[in-house]
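Note: hydrogens, waters and symmetry copies are ignored here, and every other heavy atom, side chains too, is used. The shown structure was predicted, so the numbers you read here are calculated from the model rather than taken from an experiment. If you read the sequence from its start, that first residue is 1, and numbering goes on from there.
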Amino acid sequence: MSTRTAVITGASSGIGAATARQLAAAGYRVVLTARRADRIQALADELTAAGHQAVPHALDVTDRAAVDAFAATQDRVDVLVNNAGGALGTDPVATADPADWRAMYEVNVLGVLNLTQALLPRLTEAEGTVVVLSSTAALATYEGGGGYVAAKHAAHVIAETLRLELCGRPVRVIEIAPGMVKTDEFALTRFRGDQDKAAAVYAGVAEPLTADDIADTVTWAVTRPPHVNVDLLVVRPRAQASNYKVHREA
Ligand code: NAP
């Protein structure tokens with residue numbers, strides 16, 4: 001028998017890298033995918049040196065032909081963590097750039113669709129698990145969130161619909177919806193490299209969630225017995241009661 005294998009998208013930073021580390025520690029062979037080949041190679045080297053099995057594979061989740069070619073190289077997939085994604089801008093609907101909306105839809109929605117479709121045969125053979133990293137933005141909106149919120153709502157709909165469609169087949173569909181997670185790149189990407197605006201997102205919040213906190217919930221959810229499907233897990237820091245209500249210390 002080959003080793004239980006987890007494919008993680010967006011494993012080059014933040015939640016994806018932390019999830020790869022924790023799933024490797026839980027005994028999974030991890031397949032690390034992201035566009036930045038140097039980052040996933042370094043993580044694979046780190047995990048291999050620690051005695052784990054880790055394989056990097058550079059991949060843009062929006063490139064369907066590349067995703068299909070990648071899937072054809074995978075003999076066994078027990079877990080797919082659809083983590084690649086992110087936000088671009090905080091412009092209101094009235095003035096947002098449609099190109100930003102399109103880019104967010106491509107990665108957060110079609111990226112999930114591409115990987116899930118391509119790996120579903122392997123996941124079914126393995127009685128596996130699809131994880132969708134959505135967001136609390138998948139469940140409620142906020143001003144300036146429009147394009148990201150729309151995309152994450154669509155990711156939520158993929159998880160909900162897929163779970164209905166796969167009922168009776170041996171595949172679980174788990175959605176993890178994090179609130180505020182302080183990662184190195186998420187806010188920086190959203191604000192196009194503006195460090196001050198990125199830092200303001202977390203200003204005064206004593207303990208935002210960390211990438212490890214979310215990796216922990218992903219690992220917990222996928223390591224439940226196979227008949228237990230954690231449909232949707234909303235995880236926020238204690239200081240955040242809704243997308244709007246965040247306690248900030250002066
Ligand atoms: P992050 O550090 O910016 O990570 C995003 C990851 O996605 C990177 O590894 C990036 O790798 C990858 N990625 C982006 N576009 C890609 C593409 N076209 N193809 C393949 N990989 C791509 O952000 P994070 O905070 O860890 O967020 C991870 C996920 O959690 C995202 O889906 C995000 O929307 C969601 N989330 C984050 C928060 C938060 O507050 N941080 C809250 C809720 C949900 P490359 O650039 O190397 O491709």
Got T62 and L110 here, is their nearest side-chain heavy-atom distance under 4.5 Å?
no
Measuring from atom CZ of R64 to atom CG of L113, what distance do you get when rounded to the nearest 0.5 angstrom?
6.5 Å
Do R192 and D194 sit within salt-bridge range, that is, some charged N less than 4.0 Å from a carboxylate O?
no
Between V201 and R190, is any pair of side-chain heavy atoms under 4.5 Å apart?
no
Pair T48-D45, side-chain donor/acceptor within less than 3.5 Å:
no
Do R21 and E46 have side chains that approach each other closer than 4.5 Å (heavy atoms only, starting at C-beta)?
yes
So with a 6.0 Å cut-off around CD of E207, is the heavy-atom count from everything else above 12?
no
Test side-chain contact (heavy atoms from CB on, under 4.5 Å) on R236 and N243 and set out the steps.
CA-CA 9 Å; R236 301 184 206 267; N243 290 351; 3.4 Å; yes
Whether over 12 other heavy atoms sit under 6.0 Å from R238 CZ:
no
Is the shortest heavy-atom distance from the side chain of T136 to the side chain of P178 under 4.5 Å?
no
Please determine whether side-chain contact (heavy atoms from CB on, under 4.5 Å) holds for the pair L59 and T9, giving the CA-CA distance in whole Å, both sets of side-chain angles, and the decisive distance to 0.1 Å.
CA-CA 8 Å; L59 184 66; T9 69; 5.6 Å; no
Verify whether one side chain among N229 and R172 offers a donor that lies under 3.5 Å from an acceptor in the other.
no
Taking every heavy atom of A37 against every heavy atom of A58, the minimum-distance pair comes out as CB-CB, 4.0 Å
Quick one: name the residues clustered hydrophobically with L233, using the 4.5 Å side-chain heavy-atom rule over I, L, V, M, F, W, Y, and just say none if it's on its own.
I8, I15, L23, Y28, V30, L32, I40, L43, L47, V79, V81, V131, L133, I174, I176, V181, L209, I214, V218, W220, V222, V230, V235
Can T3 and Q53 be counted as having a side-chain donor-acceptor contact under 3.5 angstrom?
yes
Applying side-chain contact (heavy atoms from CB on, under 4.5 Å), run through L88 and T189 and close with a yes or a no.
CA-CA 7 Å; L88 284 175; T189 301; 4.3 Å; yes
Counting C-beta onward and ignoring hydrogens, is there a side-chain heavy-atom pair between L166 and L120 closer than 4.5 Å?
yes
Answer yes or no: is there a side-chain heavy-atom contact under 4.5 Å between N114 and V61?
no
Side chains of V171 and V130 in contact at under 4.5 Å (non-hydrogen atoms)
yes
Just checking Y202: does its OH atom have more than 12 heavy atoms from other residues, nucleotides or ligands closer to it than 6.0 angstrom?
yes
Less than 4.5 Å apart, any side-chain heavy atom of F70 and any of V7?
yes
Will you find, in the side chains of D184 and S13, an N or O donor that is under 3.5 Å from an N or O acceptor?
no
